[in-house]
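Below you'll find the structure, written out as structure tokens, and then a few comments.
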Number of protein chains: 2
Amino acid sequence: MSSPAHALADARLEFVTQWGVLGSAWGISRTMAMLHALLITSQVPLSTDEAMEALTISRGNANTNLRELVSWGLVRKVVQPGERRDYFEAEKDVWKIFCTVVRERKRREVDPALAVLRSCAERTASLRGSEAREFNGLMVAIGEFVELAARVMDRVAASERSKIVPAVLKLFK
Amino acid sequence: MSSPAHALADARLEFVTQWGVLGSAWGISRTMAMLHALLITSQVPLSTDEAMEALTISRGNANTNLRELVSWGLVRKVVQPGERRDYFEAEKDVWKIFCTVVRERKRREVDPALAVLRSCAERTASLRGSEAREFNGLMVAIGEFVELAARVMDRVAASERSKIVPAVLKLFK
DNA sequence: CTGAACTTTCAGTTATTACTGAAAGTATCG
DNA sequence: CGATACTTTCAGTAATAACTGAAAGTTCAG
């Protein structure tokens with residue numbers, strides 16, 4: 001049996017690694033997901049150099065992905081008193097992380113998809129023929145569905161955990 | 001202004017293309033997403049050769065991605081009477097498509113993630129020290145959250161649109 | 001059986017995406 | 001200022017994922 005210190009380090013490493021795997025299955029770069037996992041499991045903010053060393057990645061890679069995490073709003077730069085370099089700290093509240101991801105993916109991917117669906121629906125609205133009408137009906141149906149999803153995402157992203165989770169629990173399960 | 005026939009073909013092409021883009025942002029291969037878009041916008045089932053031609057892809061690529069779509073349950077093989085070759089037909093009900101995707105991603109990605117989180121929580125449950133306790137608390141918190149998400153996904157995947165959508169509409173918006 | 005019609009596989013190639021590291025840029029301090 | 005400490009950029013390279021096409025496999029009619 002391994003020592004307690006290793007048990008923690010091992011578990012953390014497994015978490016960081018698997019978070020990376022999961023992220024890449026959902027279209028998030030492995031490194032970005034791993035950096036996120038590293039930061040949320042760190043008690044203290046980390047510098048670029050510390051992150052580089054922990055994941056054995058280059059400065060450029062660390063810099064790019066840390067800034068990307070900041071642009072998602074999942075991580076913020078913090079200043080250590082008397083220090084010149086930037087430190088990074090992740091939001092650790094699971095509900096807030098979830099809301100942020102929902103908000104960003106909605107903005108980055110769902111809204112553009114909605115625009116495409118609307119354009120496809122509009123451009124075929126007045127066409128005749130069963131093929132055109134069927135296509136148009138499908139675009140409208142998918143559009144309405146995605147619109148509903150978008151509304152739910154907006155609402156979730158803006159909500160308090162204490163208000164939504166109990167309601168969801170009541171609705172499902 | 002272009003002819004009506006082109007307007008439909010153009011809109012369909014835009015939809016197929018953009019569905020591919022959206023898919024790849026969410027970790028689904030572009031070709032698979034495009035094949036899916038092609039099939040749901042087809043009034044008739046398509047053969048492998050027809051799909052190959054429509055997307056200008058190789059036989060191997062078409063075969064692999066069509067089978068993958070079948071394994072997701074989004075597409076089924078159908079036999080045309082008196083025909084030897086396989087034809088493929090997509091489920092067109094938007095709610096059913098959504099449920100299928102939810103069910104499959106839960107099974108393929110969320111369940112494994114849950115296993116990792118539980119393992120990380122268990123392995124650190126009895127460790128002492130503030131770092132270990134904080135890590136363990138985070139694993140438990142994320143685990144509970146993902147478990148809730150998994151339950152919601154199970155429930156959604158098994159539900160009738162007419163029962164869930166109105167309830168969701170009432171809850172959000 | 002045999003061959004035609006079709007499907008599947010997979011080694012090799014191509015396309016895409018991610019990463020490196022050195023150079024250029026910026027801010028701060030004495 | 002000029003030196004130092006740090007951050008950002010990006011051309012080149014590496015890693016990964018996806019695709020091709022020909023060969024092997026399967027099915028079935030005659």
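Reminder, nothing fancy here: chain letters follow the sequence lines and each chain counts from 1.
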* Are any of B/Asn63's side-chain N or O atoms less than 4.0 Å away from OP1 or OP2 of C/dT7? -> no
* Given atom CD1 of B/Ile28 and atom P of D/dA18, what is their separation to the nearest angstrom? -> 11 Å
* Asked: Heavy-atom count around B/Gln43 CD within 6.0 Å, excluding the residue itself: above 12?
  -> yes
* Asked: Between A/Glu104 and A/Arg107, is a salt bridge (Lys or Arg N to Asp or Glu O under 4.0 Å) present by the stated rule, with each step listed?
  -> CA-CA 5 Å; A/Glu104 288 298 309; A/Arg107 189 173 68 74; 2.8 Å; yes
* Asked: Nearest-Å distance, CG (A/Leu66) to P (C/dA18)?
  -> 16 Å
* Can you tell me if the side-chain N/O atoms of B/Arg85 get under 4.0 Å from OP1 or OP2 in D/dT27? -> no
* Structure fact -> With B/Asn61 as partner, the option from B/Asn65, B/Thr64, B/Asn63 fulfilling side chain to side chain donor-acceptor pair (under 3.5 Å) is B/Asn65
* Of the nucleotides D/dC19, C/dT8, C/dT20, which one has an atom closest to the side chain of B/Arg67? -> C/dT8
* To do: Rounded to the nearest angstrom, tell me the gap between atom CG in A/Leu55 and atom P in C/dA18.
  => 16 Å
* **Gap between atoms CG and C1', on B/Asp86 and C/dT8 respectively (whole Å)** => 11 Å
* Rounding to a whole Å, what distance do you find between A/Leu69:CG and D/dT8:P? -> 14 Å
* Asked: What about B/Val21 and B/Leu69, same hydrophobic cluster or not, with Ile/Leu/Val/Met/Phe/Trp/Tyr joined at side-chain heavy-atom distances under 4.5 Å?
  -> no
* **B/Asn65 side chain near D/dA18 phosphate (N/O to OP1/OP2, under 4.0 Å)** => no
* To do: Assign each of A/Ser24 and A/Lys77 to its nearest nucleotide of DNA chain D by heavy atoms, then name whichever residue's nucleotide is nearer the 5' end.
  => A/Lys77
* For B/Met52 and C/dC6, what is the distance between atoms CE and P respectively, to the nearest whole Å? -> 13 Å
* Where protein sits on nucleotides 21-30 of chain C, one letter per nucleotide: B base, S sugar-phosphate only, - none, heavy atoms under 4.0 Å -> B-----BB--
* **Euclidean distance, atom CD of residue B/Glu68 to atom C1' of C/dT9 [Å, nearest integer]** => 15 Å
* Does the side chain of B/Arg30 get closer than 4.0 angstrom to OP1 or OP2 of C/dA15 through an N or O atom? -> no
* Taking atom C1' of D/dC6 as reference, at what distance in whole Å does atom CD of A/Glu50 sit? -> 14 Å
* **B/Arg85 vs B/Asp49, side-chain contact (heavy atoms from CB on, under 4.5 Å): CA-CA, chis, key distance, verdict** => CA-CA 10 Å; B/Arg85 79 183 58 182; B/Asp49 291 73; 3.7 Å; yes
* Asked: Can you say whether the rings of B/His36 and B/Trp19 are parallel (under 30°), tilted (30 to 60°) or perpendicular (over 60°)?
  -> tilted
* Should the heavy atoms of other residues, nucleotides or ligands under 6.0 Å from CD of A/Gln80 be counted, would the total exceed 12? -> yes
